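Chain identifiers are assigned alphabetically (A, B, ...) following the order of the sequence lines, protein sequences preceding nucleic acid strands; residue numbering begins at 1 within each chain. Keep in mind it's a predicted model, so treat the numbers as computed, not measured. Below, all heavy atoms of this structure are taken into account, side chains as well, without hydrogens, waters or symmetry copies.
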Number of protein chains: 2
Amino acid sequence: MIKLDIANALMQAHPCSRATALQAVDLLTERMKQALLDGHRIEIRGFGVFEPRPRKRGMGRNIKTGDSVAIPKGKSIRFKPGKELREIEVE
Amino acid sequence: MIKLDIANALMQAHPCSRATALQAVDLLTERMKQALLDGHRIEIRGFGVFEPRPRKRGMGRNIKTGDSVAIPKGKSIRFKPGKELREIEVE
DNA sequence: ATTGGCGATGTCGAGCTTGATCATGGAAAC
DNA sequence: GTTTCCATGATCAAGCTCGACATCGCCAAT
């Protein structure tokens with residue numbers, strides 16, 4: 001599923017052009033992105049929670065040189081699936 | 001940021017009632033949820049990727065008994081932040 | 001205001017993460 | 001709709017964070 005599919009779903013609920021739905025999806029993603037960058041947690045009940053987390057780990061590995069490279073700084077966005085998303089059936 | 005804020009953002013782009021925007025957000029989350037439950041990966045360029053992953057780890061810990069409990073089965077939804085979401089400044 | 005999903009706690013093993021590069025494909029332009 | 005562009009995926013290695021279970025409180029959702 002890509003952005004087009006999401007816009008498609010939006011079109012089913014909102015009788016509008018594809019371009020409009022696409023803009024809406026793009027706007028929403030950007031708003032959420034900005035909220036996360038601002039450090040805000042996005043909590044959607046029944047879906048999941050996006051939470052910005054400061055990264056404590058400070059080392060990686062360079063595949064070329066095979067040497068440990070110190071990861072300078074950074075944060076990670078953690079997505080915690082909600083209850084309904086955890087109810088995944090396993091065959 | 002909660003669902004109301006997202007609906008609010010949607011209202012800014014789409015001149016519609018709050019109820020309509022709320023329904024749209026709810027529909028989108030449900031569609032995405034169903035897609036993830038169906039095993040499909042949701043990839044939004046510049047935002048992030050939701051990917052259902054089978055959980056390989058098979059053990060947890062019971063906080064009461066302190067005993068290792070075998071994690072039965074399940075999948076996890078992994079969210080990988082896109083490039084723009086990784087550009088988080090660290091103070 | 002009520003309901004109920006979600007957070008934190010604690011342990012311990014295992015998966016995830018980060019970095020760079022090439023190839024693929026999502027996304028945007030024509 | 002098609003083509004081009006550039007982000008994304010995989011990989012190796014070592015370190016670290018996550019996850020699950022159970023319960024109460026908190027806050028999102030109605």
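Phosphate contact (OP1/OP2 of dG7(C), side-chain N/O of K80(A), threshold under 4.0 Å): present. In this model, the phosphate group of dG15(C) is not approached by any side-chain N or O of S76(B) to a distance below 4.0 Å at OP1 or OP2. Residue R78(B) places none of its side-chain N or O atoms closer than 4.0 Å to OP1 or OP2 of dG15(C).
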Readout for nucleotides 25-30 of chain C: B = base within 4.0 Å of protein heavy atom, S = sugar-phosphate only, - = neither; 5' to 3' it is BBSS--
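Between the CE atom of M1(A) and the C1' atom of dT8(D) there is a distance of 19 Å, rounded to whole Å. Look at CD on Q23(B): it is 11 Å from P on dT30(D), rounded to the nearest Å. Look at CZ on F47(A): it is 19 Å from C1' on dG4(C), rounded to the nearest Å. E51(B) places its CD atom 10 Å from the P atom of dT17(C), with the value rounded to the nearest Å. Remark: P of dG7(C) and NZ of K83(A) are 14 Å apart, rounded to the nearest angstrom. Rounding to whole angstrom units, CG of residue D5(B) and C1' of dA29(D) are separated by 13 Å. At whole-Å resolution of the value, CZ in R18(A) and C1' in dG1(D) are 11 Å apart. Atom P of nucleotide dG4(C) and atom CD of E84(A) are separated by 14 Å, given to the nearest angstrom.
The CD1 atom of I6(A) lies 11.0 Å from the CG atom of L27(B); values are rounded to the nearest 0.5 Å. Rounding to the nearest 0.5 Å gives a distance of 8.0 Å between CD1 of I44(B) and CD1 of I2(A).
Each ring-ring contact (aromatic ring centres under 6.0 Å, His included) pair with one or both residues in residues 19-42 of chain B, not counting sequence neighbours, would appear here, but there are none. Screening residues 17-39 of chain B for ring-ring contact (aromatic ring centres under 6.0 Å, His included), with sequence neighbours left out, gives no hits.
The side-chain contact (heavy atoms from CB on, under 4.5 Å) test applied to N8(B) returns M11(B), not counting sequence neighbours. Checked against side-chain hydrogen bond (donor to acceptor under 3.5 Å, both in side chains), R41(A) has the following partners two or more places apart in sequence or in another chain: E43(A). Scored by the side-chain hydrogen bond (donor to acceptor under 3.5 Å, both in side chains) test, K33(B) finds E84(A) as partners (sequence neighbours excluded).
Each of dG9(D), dC6(C), dT18(C) was ranked by its minimum atom distance to the side chain of V49(A); first place goes to dC6(C).
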